[in-house]
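Below is one structure, written out as structure tokens; the observations come after it.
Here the structure is a predicted model, which means the values were calculated and not measured.
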Amino acid sequence: MTLIEQSETIAARSLESDLDAALGVEIPDAGLCLRIAQQYTNRGEPQLAFHWLARVVDASDRFVDWLGAATQLDVLAKDERPDTRRQARVAVTGSYTLGQFAALFRLAALREGIDVFIHQGAYAQYQQDLLDPHSPLYEFGPTHILVAPHAGELRLSSLSPNPEPEVAAEVQRWTDLWKLAQQHSNATVIQHLFALRPEEPLGHLTSRLRNSRSSMAREVNKRLAENAPHGVLVVDVDRIASDFGKFRWFDDRYWHIAKQATALDALPVLARHTASVLAASLGLSRKCLVLDLDGVLWGGVIGEDGIAGIRLGAGAEGESFVAFQEYLLELKARGVILAVSSKNDDALARLPFETHPDMRLKLDDIAVFRANWEDKATNVKAIAQSLGIGLDALAFADDSVLERQLIRRLLPDVDVIGLPKDPASYLRKMADYLRFEPAGVTDEDLHRTEQYRAREAVEQLRLSGGDLNEFLAGLGMKALVAPFDEFHLPRITQLVAKTNQFNLTGRRYSADELRALMDDPEALHFYLRLKDRFTDHGLVGVLIGRHDGATMVVQDWLMSCRVLGRTVENHMFEELCRRAIALPCERLIGQFVATGRNDLVRDLYARLGFSQREISPDVTRWEFDLSSWQPANPRVIGLWDGQ
Amino acid sequence: MISELPLHAILRVLFSLPDLELRPETEFTQIPGWDSLSQINLIFAVEQEFQVRFTDDELEHLRQLTTLGELQAAVDEKRLQAG
């Protein structure tokens with residue numbers, strides 16, 4: 001093997017192991033993304049390299065990471081163009097050093113699905129650029145002109161004898177520049193408003209004086225935003241700077257040596273916001289937010305805890321959910337369509353909307369409501385179809401990392417919002433979500449939910465499933481199945497007491513009754529513990545049977561709803577068959593007792609291939625011939641090491 | 001084995017040159033892709049990564065440096081001062 005071949009083998013192995021590491025976490029870190037992108041570039045796979053560079057935007061808000069990605073992007077894009085939803089030609093002009101910003105902005109735009117060609121004017125030449133109809137800026141043929149001045153550029157005195165004319169003149173100056181830009185090009189103008197400095201020589205007096213420089217500057221910002229005509233979009237940089245922290249936003253040392261008006265570590269967030277406005281202008285904003293219910297709109301699980309048990313309203317956590325719902329209502333008022341996808345019984349899922357006094361969201365606020373036991377990818381596709389919008393118009397918010405990964409894998413066009421663990425942080429996470437940016441609020445936005453709901457009412461849904469098996473296999477699930485033991489008895493007791501939905505009979509046992517089974521030679525009992533590459537789910541399944549000659553009667557079978565839709569029940573059934581055959585038994589008898597909350601498993605035995613023997617309204621009995629059983633190969637859920 | 005400066009890791013990320021061979025006597029302008037903004041980017045990255053904050057005066061001085069070894073020495077000295 002030559003040296004070159006050797007190094008290629010090493011590179012290949014390293015890409016495989018990097019990809020493996022990236023698959024094992026929800027958001028791979030920036031260093032990993034950069035390495036993977038570099039390796040794809042080396043392999044001559046530029047589109048995959050672009051993909052991994054864009055992921056740095058989600059992975060990090062650090063300047064160093066972003067610049068590393070932007071540099072790679074710059075080199076790669078010399079020969080290749082990313083395969084994106086949109087292209088844009090953006091001329092950047094302003095009053096300070098904008099090279100770093102332009103590079104980062106291009107990266108942020110790539111993340112939004114826009115391939116941006118950048119033209120950058122000479123340093124601080126915005127007036128020449130915009131005034132001269134033959135300037136290089138216009139020659140470039142921009143689709144967008146980004147005007148990025150800093151507050152030092154405002155022609156305002158520190159204490160004006162005559163503030164109104166001064167403010168009016170400054171507003172006029174900028175709006176005239178916009179008019180020129182629109183005369184000399186067909187470009188949309190994106191104007192950075194002014195980030196105002198935090199130092200106030202006049203202290204609290206400043207805000208009382210209309211003629212202080214900062215009061216006048218605020219007024220200029222306000223009027224520019226209000227007066228921006230069609231074709232001019234503004235980025236409220238002062239708000240972004242305030243949120244970021246102005247003492248960090250301004251680092252004068254870098255102004256002194258390099259004319260950087262914005263601290264370099266503030267540039268990623270500025271780039272992200274600017275790219276979101278660009279994306280909105282190109283019609284790329286997300287239109288619909290798909291929400292989970294349990295753990296997202298309220299604490300707890302409605303199917304387990306009941307209407308009185310979910311946490312909403314009362315208590316600290318309950319208040320968080322109310323605040324989050326109120327924010328969602330404001331999003332809806334602004335034109336974002338709200339939809340629900342939840343693994344629940346439909347009637348149970350609707351109950352809080354209809355009867356809980358602290359619910360802020362009502363059923364009328366939800367354009368499409370899908371609560372059922374199908375997988376979420378199917379439901380999300382159904383939501384898009386019934387609204388008549390593309391998957392790329394959807395954002396998906398769920399507290400379960402598993403559901404989020406499922407959507408990322410099966411429906412990559414859907415944008416996934418990773419809600420943090422703490423419900424108190426939901427609101428801020430959503431407020432920092434920039435992909436609902438409206439290009440402008442219209443009456444139509446306000447009525448959109450009503451239109452879509454009407455459409456939903458007439459739409460008939462027929463959707464094919466995504467490749468769920470592949471996704472499940474990729475989870476790397478492992479199960480440990482073992483007879484009851486003292487160590488696990490407390491959790492078994494708890495699961496038996498709490499589980500309502502996946503519970504074939506609803507029978508309850510005390511800890512002593514469960515312990516007695518351990519010494520009963522006629523009893524068959526086992527629990528199941530599940531883990532996957534993301535998390536250890538703990539003990540999530542319990543089965544109890546009774547051995548009567550050649551017949552194994554399944555007395556109780558229950559499973560936590562946390563692991564629904566992952567074929568855990570099939571795995572338990574396999575274990576049941578193996579153990580029954582070993583005894584040996586020839587057939588299984590199963591029983592379903594309707595409890596009002598276990599509709600989920602009414603057809604479980606039918607799905608597993610049992611035939612029905614007895615029917616009464618609330619109790620059905622089923623039989624399965626073990627001689628016809630074939631073990632699945634391969635199994636979706638592997639065996640836990642050490643079992 | 002080439003002596004490896006802590007600075008090199010930053011340079012490889014900033015310039016996307018995982019295989020770049022860097023030595024203390026390497027001049028900044030020899031780095032592929034080095035341009036007029038690179039120096040400021042590097043100095044800023046150094047401040048972030050090594051948790052130091054240079055004064056105006058020190059920044060002026062850093063801009064006069066030409067090799068990686070000189071910059072690393074300046075950073076090391078600053079870190080010593082900062083304790």
Side-chain angles (χ1 to χ4, degrees), chain A residues 7 10-11 14-15 18 29-39 41-42 49 52-53 56 60-76 78 96-104 120 122-123 248 251-260 262-267, chain B residues 1-2 4-22 28-66 68 70-72 74-75 78-79 81-82:
Chain A
S7 70
I10 290 164
S14 147
L15 176 58
D18 279 348
D29 73 53
L32 195 54
C33 296
L34 287 170
R35 270 212 313 278
I36 293 172
Q38 186 73 59
Q39 292 172 85
T41 300
N42 296 345
W52 283 94
L53 290 175
V56 171
S60 170
D61 53 8
R62 283 159 34 99
F63 173 74
V64 177
D65 295 329
W66 277 58
L67 190 66
T71 306
Q72 277 199 44
L73 174 59
D74 196 45
V75 174
L76 192 56
K78 282 189 183 17
Y96 64 98
T97 307
L98 284 161
Q100 288 93 337
F101 171 77
L104 268 44
Q120 221 192 308
Y123 171 76
R248 287 172 59 214
D251 186 337
D252 289 339
R253 298 170 309 142
Y254 284 86
W255 174 255
H256 299 150
I257 60 163
K259 294 292 169 271
Q260 297 285 351
T262 309
L264 294 177
D265 57 344
L267 290 180
Chain B
M1 190 65 202
I2 310 152
E4 183 74 355
L5 301 177
L7 194 56
H8 293 170
I10 298 176
L11 282 162
R12 291 204 185 87
V13 173
L14 280 186
F15 291 93
S16 292
L17 300 165
D19 309 321
L20 182 63
E21 198 175 287
L22 298 168
F28 295 120
T29 50
Q30 292 172 329
I31 297 171
W34 186 267
D35 65 22
S36 59
L37 301 177
S38 300
Q39 192 180 37
I40 285 300
N41 295 340
L42 176 59
I43 292 172
F44 179 81
V46 161
E47 285 201 322
Q48 299 279 301
E49 295 302 306
F50 295 117
Q51 302 276 303
V52 292
R53 185 182 163 87
F54 296 108
T55 63
D56 275 335
D57 213 32
E58 289 163 340
L59 289 173
E60 292 268 50
H61 170 67
L62 295 184
R63 297 206 76 170
Q64 315 301 321
L65 304 180
T66 55
L68 304 191
E70 288 168 359
L71 178 58
Q72 185 70 57
V75 172
K78 185 73 187 173
R79 292 176 82 190
Q81 283 174 23

Side chain from CB out, backbone as N, CA, C, O: work out which of these in [X] comes under 4.5 Å of a heavy atom of chain B, or both, or neither.
{"X": "A/D265", "answer": "both"}
{"X": "A/R35", "answer": "neither"}
{"X": "A/T97", "answer": "side chain"}

Practice problem: Determine the option with the most heavy-atom pairs under 4.5 angstrom with chain B, choosing from A/A258, A/A30, A/A70, A/A37. | Solution: A/A258
Quiz item: Counting heavy-atom pairs under 4.5 Å to chain A, which of B/D35, B/L37, B/I10 comes out on top?
Solution: B/L37
Exercise. Would you please go through residues 39-49 of chain B and name the residues with a non-hydrogen atom below 4.5 Å from one of chain A, in numerical order?
Key: B/I40, B/N41, B/I43, B/F44, B/A45, B/E47, B/Q48, B/E49
Quiz prompt | chain A contact via B/R53 - which portion, at a heavy-atom distance below 4.5 Å | solution = both
Quiz item: Rounded to the nearest 0.5 Å, what separation is found between the CG atom of B/D56 and the OH atom of A/Y254?
Solution: 10.5 Å
Self-check item: Contacts of A/D61 that satisfy side chain to side chain donor-acceptor pair (under 3.5 Å) - sequence neighbours left out
Solution: none
Exercise. Verify the neighbour count for atom NE2 of B/H61: are there more than 12 heavy atoms of other residues, nucleotides or ligands below 6.0 Å?
Key: no
Quiz item: Mind checking what makes ring-ring contact (aromatic ring centres under 6.0 Å, His included) contact with B/F28, not counting sequence neighbours?
Solution: B/W34
Quiz item: If you take all heavy atoms of A/R253 and B/L59, which pair is closest and at what distance?
Solution: CB-CD1, 3.6 Å
Practice problem: Please list, chain by chain and in numerical order, all residues satisfying side-chain contact (heavy atoms from CB on, under 4.5 Å) with A/T71, sequence neighbours excluded. | Solution: A/L67, B/S16
